[in-house]
2 protein chains.
Amino acid sequence: MVGVGSQGKPPTVKEVARHAGVSPMTVSRTLAGGANVRPDLQERVLAAVHELGYRRNENARILRPGQASGLIGVAITNLGNPYYGNFALGVEEVAAETGRRIVLGNTGGDPARERQLVADFLGRQVEGLVLVPAGGPSDHLQPGRLGDVPLVLASRRIYGLDVDVVLLDDVGGAYRGTLALLDAGHTRIGYLGYVSSAFTGARRYEGYVRALEERGLHPDPALVFREQEDAAGGAIRRLLDLDEPPTAIFSANNRNSIDALREIGRRLRSGATPQEMPALVSFDDFELAELMPVPVTIVDHDPRQLGREAARLLLSRLGADARQRGPARMVEMPVRVAPAVPSA
Amino acid sequence: MVGVGSQGKPPTVKEVARHAGVSPMTVSRTLAGGANVRPDLQERVLAAVHELGYRRNENARILRPGQASGLIGVAITNLGNPYYGNFALGVEEVAAETGRRIVLGNTGGDPARERQLVADFLGRQVEGLVLVPAGGPSDHLQPGRLGDVPLVLASRRIYGLDVDVVLLDDVGGAYRGTLALLDAGHTRIGYLGYVSSAFTGARRYEGYVRALEERGLHPDPALVFREQEDAAGGAIRRLLDLDEPPTAIFSANNRNSIDALREIGRRLRSGATPQEMPALVSFDDFELAELMPVPVTIVDHDPRQLGREAARLLLSRLGADARQRGPARMVEMPVRVAPAVPSA
DNA sequence: CTGTTAGCGCCTTCAC
DNA sequence: GTGAAGGCGCTAACAG
């Protein structure tokens, strides 16, 4: 019951067997569920297990052919971002439901790091991979390079790579968000987006344009800033400083939204009135949006569900006997467009 | 160069050896760095590796005695919370610097789940464990139950468990935050805290009381709500509805802060004036605090650094030959107390 | 410098 | 219902 303490190596089946006066096989069978083992022997085995503090060595078990590792490799771009944190949580939850664990790596958006992580994951015999692609070259993900370990991409897809993908309804969300502004009477609507999120950025911009055009409008190049490197402060200032500033802004992600609101707050403190400030639509939720000094509409979604769905797609490829083949699937998770309101 | 594609099992050292016309050991040695292998043989081996798409089976490697798994088991309470997401990121980063990976499990604060995760981690031969304790019984963490796998606790400690711990300077942060309110002339200062975070809660409350008493004040039971189960809305309302409501509130975590601000926002929309609303000190940062309708002071800290420090403590216990023994260490990470100001 | 042998801990296969 | 043999993929230890 006390276990071995800190001395020596952990006990093995053999030692448990000796302790219980049976053969290693009886121990193994007992631990596997006890089919075809006499109850009294099982008891002796379990007692010995308890006594010695025995713990099965999973790595040795996995070594045998046909044994799955129970590991899912997950590589994401930024764990510190709540969006990806929740995504990872979703993957972990679904994996855990089948007794699997995730091995997690943070790429920081670096393709080289992604390549390295994938190689390591494969070496550890992961059963599958979930990736938020870092961008850049993707030859390490091409068919065959992964053996037959299934891969699911999330948030972005990689053109030319025919694998399962889970995305947000970027186009629809941006379309409906922009439409909400148009319906409120706005016609000069600025656009803010990151350059780094090329894939989602293009999709969200597409939704923005589609909504405008449906109302006979066209994107005004002077109002569109799609190239934010990092902080969007500069773009916001330029937008607000125009002779005829936009009366509303569509922001393609919450980082840009927060930057915009910071600048708006700054101007309000300097004497500007809320009426002079643009309304905002933010793709991505953020906390306390309802307390903002200008009306904010949120294109809301649930990254955790995105993670859960990614994991589900992956698990469906881990069929019992043979690798589940079938055409690559693309799932678009729904988004909700609504004015920020007190939530509690 | 193409690799094996999807057919059959992945190649082994033996096949690479045959392909290169050498023995398995020459392959192994080459892959281990190539010491004592003729360059031309190395080339042939590497060519064969490339040709066959060979990848070393880490699990088989780890099976040999003396080989480390390169895995760190990490169990946290809520990956979806940016605080823990950043904590996990910090651990991952430092682990990655030494070529290690993290196996991640989310406990959701459930001790049973924690126990299960720890057992699984140990079965996978992790080199060490980093835990944000879920609370509850901790017999599965007692000396000996972990073999001699080192353990580091973060955020909370477990009484009676003599292991390395990384904490925030909870007491100091709460003390200084409360002092800031006192210095601003407040004397009726409410307190809001979760019941679930018993450990940090007690420490932060201690800091709050210490500051009050230093000024000859005593905590007023009518103003102290330490028992929030989940949302703190009810406590806030009761505080604000007092005949003589507090002029300031110390909130022990950002969830409570946000709940408080939601309620304050609600009252402002109903016609209350900002002057009637309390000032706020929030332990834990949150975004756009400077845009809030009441002055907010932040007790700020960096969970990522907390994670990095936890990982460093752990790595220092993974000494080359013998397990690094030594007294358990406790590290308190500094916090910063400052009024919320525009950050960009 | 290179190869052979042996065995890590476990479990499938086959005998009893 | 139980045990003995053998091998998964890899690499120390020991020849040569």
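Residue numbers start from 1 in every chain, and the chains themselves are labelled A, B, ... in the order their sequence lines are given, proteins ahead of strands. Just so it is clear, the model here is predicted, and its values are computed rather than measured.
- For DNA chain C, the span of nucleotides reached by chain A at under 4.0 Å from its heavy atoms goes, 5' to 3', from dG9(C) to dT12(C).
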Task: Glu58(B) vs Arg61(B), salt bridge (Lys or Arg N to Asp or Glu O under 4.0 Å): CA-CA, chis, key distance, verdict - done: CA-CA 5 Å; Glu58(B) 289 301 322; Arg61(B) 204 171 91 89; 3.2 Å; yes
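- Within the 4.0 angstrom heavy-atom criterion, no nucleotide atom of any strand lies near Ile62(A).
- Side-chain contact between Leu79(B) and Leu79(A) is present, with heavy atoms from C-beta onward closer than 4.5 Å.
- Here the shortest heavy-atom pairing between Leu31(B) and Val49(B) reads CD1-CG2, 4.1 Å.
- What you find for Leu161(B) and Leu153(B) is that their closest heavy atoms are CD2-CD1, 4.3 Å.
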Open item on the list: The test is salt bridge (Lys or Arg N to Asp or Glu O under 4.0 Å); show your working for Glu97(A) and Arg312(A) and say whether it passes.
Closed with: CA-CA 11 Å; Glu97(A) 286 166 13; Arg312(A) 273 190 223 106; over 6 Å; no
Task: Heavy-atom protein contacts under 4.0 Å, nucleotides 8-16 of chain D, coded B base, S sugar-phosphate only, - none - done: BBBBB----
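- Here the side chains of Tyr54(A) and Val13(A) are in contact, with some heavy-atom distance below 4.5 Å.
- Of all heavy-atom pairs between Gly80(B) and Asn86(A), the closest is O-ND2, 3.2 Å.
- One side chain, Ser316(A) or Arg329(A), offers a donor N or O that lies under 3.5 Å from an acceptor on the other.
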